Participant: 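The structure's right below; bear with me while I get my questions together.
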Amino acid sequence: MSNNSEEELVALLNSYGRDERHKTRCESHPNIAMIKYWGKENVEKNTPSNGSLSITLDVGTTITEITYSQISENEFFLNGVKSQITKRIQTAIDYFGRFLPNTYFHIESTNDFPTAAGFASSAAGAAALIGALAGFVGNTCNPIEFWGKYGINLTRLARQVSGSGCRSMYGGFVEWIPGNDEDSIVNQIYDENYWSDLIVISIPVKTEPKKVSSTVGMQRTLETCPWMNLKTKSIVPQRIIEAKECISKKDFESLAEIIMRESNELHASCAASFPPIFYLNDTSRMIINAIHELNEQHGKNIAAYSFDAGPNPFIFTEKQNETTVIDLLVNLGFSRPIMTVAKIAPGISVQFIE
Ligand code: PMV
């Protein structure tokens with residue numbers, strides 16, 4: 001942002017009296033990557049080693065509300081419990097705080113994720129935090145557009161809080177572009193209504209905390225798996241082009257193969273790291289084999305699995321095959337109530353409250 005427009009913005013934002021500024025509430029949802037983010041080019045800024053492609057899912061909602069703090073410090077409550085302000089959250093607070101000198105924020109964040117879904121809440125949390133801060137400080141219900149007018153891309157700020165969180169800023173089909181801190185931003189390819197038949201079924205196969213965090217795992221893979229340069233610089237960029245082509249044609253069968261290959265390669269790369277990292281377990285592998293058998297029986301791909309840094313499967317299919325896939329999972333021994341069926345969701349939405 002040029003000095004002139006920053007001064008103009010600071011003057012505008014400080015022209016609202018305390019009573020004129022609205023308490024804001026931001027809602028957001030998690031996302032699941034079809035093409036994965038796995039490796040940071042810059043650890044502090046969370047810039048990725050390769051691009052990624054996701055869909056935002058209505059599997060749960062994070063709600064973050066922001067108002068003025070009544071005490072002279074920033075406060076952060078997570079699910080009703082006063083919580084530590086991590087370095088990454090503090091960076092976001094400091095970024096917006098510089099536009100409103102001498103202001104402290106009271107931040108309350110809650111999420112209603114079904115534990116069954118197996119989604120990490122950090123992505124939705126980062127998007128809701130940035131949306132709420134940007135809405136409160138900007139005194140706007142459309143923070144992406146408002147801050148964008150001043151050259152400030154909110155996905156860049158969400159990315160600094162949680163890498164994959166930047167993709168939850170938008171709904172539908174979302175691409176995260178690799179690059180440096182300035183240009184590694186996120187674009188929506190299609191909105192949440194574009195392919196409404198696409199669904200993702202998730203099942204918890206294990207709920208213990210993972211032994212190797214995604215941050216540690218991805219950096220170890222980058223440093224020690226011998227083919228990561230080929231994967232990040234050549235295989236993934238080509239795969240993103242192909243996946244976008246499939247999405248443009250709503251070609252589930254071809255997209256399914258891309259999703260499964262991508263997941264398999266991520267976990268093969270983890271296993272080829274040193275020391276090796278294993279996120280999948282026997283149950284995950286049983287599901288992988290069962291989905292391949294199902295697709296073979298149908299003579300085409302009607303379902304695809306994808307695994308993040310854990311053993312929980314995310315199974316992509318289309319609405320017309322939902323029952324077939326659920327029957328398969330029930331036959332494998334999973335009970336229907338533990339499955340979560342998610343549709344494509346919108347991106348952040350900000351409202352004024354009270
Ligand atoms: O954003 P993080 O640090 O939780 O890493 C996410 C990594 C994966 O979930 C495995 C892949 C992705 O693109 O979401």
Side-chain angles (χ1 to χ4, degrees), residues 28-57 59 62 86-89 91-92 111 113 117-130 155-170 173-178 184-187 189 200 202 209-222 225 228 231-232 235-237 239-240 243 258-271 273 277-280 284 305-314 316 342 345:
S28 70
H29 303 281
N31 68 79
I32 177 80
M34 298 179 273
I35 311 286
K36 311 278 186 196
Y37 152 55
W38 197 251
K40 299 177 202 275
E41 206 83 345
N42 177 324
V43 173
E44 189 201 331
K45 302 291 183 191
N46 276 343
T47 54
S49 310
N50 56 250
S52 55
L53 210 59
S54 62
I55 48 176
T56 305
L57 288 175
V59 70
T62 296
T86 62
K87 204 167 153 238
R88 291 197 182 272
I89 294 176
T91 305
N111 49 57
F113 289 20
F119 278 89
S121 54
S122 57
L129 175 73
I130 294 300
T155 67
R156 174 179 168 232
L157 302 171
R159 185 239 298 148
Q160 292 176 7
V161 179
S162 151
S164 56
C166 62
R167 297 186 309 237
S168 280
M169 294 295 286
Y170 289 109
F173 294 76
V174 176
E175 180 176 11
W176 177 8
I177 315 282
S184 178
I185 55 159
V186 163
N187 294 318
I189 312 174
V200 176
S202 55
K210 48 190 163 217
K211 290 197 186 76
V212 183
S213 71
S214 51
T215 298
V216 170
M218 61 177 76
Q219 291 316 91
R220 190 190 299 169
T221 307
L222 216 53
C225 168
M228 277 313 268
K231 177 153 168 58
T232 58
I235 297 174
V236 172
R239 189 167 276 155
I240 288 183
I258 292 175
I259 292 170
M260 292 187 282
R261 282 186 180 275
E262 170 66 15
S263 175
N264 294 342
E265 284 173 22
L266 168 74
H267 292 279
S269 303
C270 288
S273 300
I277 309 160
F278 303 109
Y279 290 117
L280 305 183
S284 321
Y305 51 79
S306 183
F307 294 83
D308 280 344
N312 298 327
F314 299 96
F316 291 68

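This structure is a prediction, so every number in the text was calculated from the model and none was measured. Ligands are counted one by one from 1 in listed order, and the atoms in each one are counted from 1 as well.
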Participant: Can you list the ligand 1 atoms lying under 4.0 Å from a non-hydrogen atom of Met218?
Facilitator: 5 (O)

Participant: How far apart are the C-alpha atoms of Ser269 and Trp38, what are their side-chain angles, what is the distance that settles it, and do they pass the side chain to side chain donor-acceptor pair (under 3.5 Å) test?
Facilitator: CA-CA 10 Å; Ser269 303; Trp38 197 251; over 6 Å; no

Participant: Who pairs with Ser168 by side-chain hydrogen bond (donor to acceptor under 3.5 Å, both in side chains), at least two apart in sequence or on another chain?
Facilitator: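 Scan of Ser168 (side-chain hydrogen bond (donor to acceptor under 3.5 Å, both in side chains), adjacent residues dropped) gives Asn31.
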
Participant: Could you tell me if Asn264 and Tyr305 have a donor-acceptor pair between their side chains, going purely by distance under 3.5 Å?
Facilitator: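 The criterion, which ignores hydrogens and geometry beyond distance, is satisfied for Asn264 and Tyr305.
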
Participant: So which protein heavy atom does atom 11 (C) of ligand 1 come closest to, and at what separation?
Facilitator: Tyr37 O, 3.4 Å

Participant: Work out whether the distance between some heavy atom of Trp176 and some atom of ligand 1 is less than 4.0 Å.
Facilitator: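 Contact absent.
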
Participant: With atoms numbered from 1 as shown, which atoms in ligand 1 lie under 4.0 angstrom from a non-hydrogen atom of Ala33?
Facilitator: 12 (C), 13 (O), 14 (O)

Participant: Just go through Arg167, Lys36, Glu262 and tell me whose heavy atom is the nearest to atom 14 (O) of ligand 1.
Facilitator: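 Closest candidate by heavy-atom distance is Arg167.
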
Participant: Mind checking whether Ser164 contacts ligand 1 via backbone (N, CA, C, O), side chain (CB onward), both or neither, at a 4.0 Å heavy-atom cut-off?
Facilitator: both

Participant: For a 4.5 angstrom cut-off between non-hydrogen side-chain atoms, does Thr215 reach Lys40?
Facilitator: yes

Participant: Can you list the steps and then say if Ser184 with Trp176 is a side chain to side chain donor-acceptor pair (under 3.5 Å)?
Facilitator: CA-CA 7 Å; Ser184 178; Trp176 177 8; 3.0 Å; yes

Participant: Please report which non-hydrogen protein atom sits nearest to atom 4 (O) of ligand 1, along with the residue it belongs to and the distance in Å to one decimal place.
Facilitator: Ser214 OG, 3.5 Å

Participant: Working to the nearest 0.5 Å, report the span between CD1 of Ile189 and CD1 of Ile55.
Facilitator: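 Rounded to the nearest 0.5 Å, the CD1-CD1 separation comes to 11.0 Å.
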
Participant: By number and element, which atoms of ligand 1 are closer than 4.0 Å to a non-hydrogen atom of Trp38?
Facilitator: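 Under 4.0 Å from Trp38, ligand 1 has these atoms: 10 (C).
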
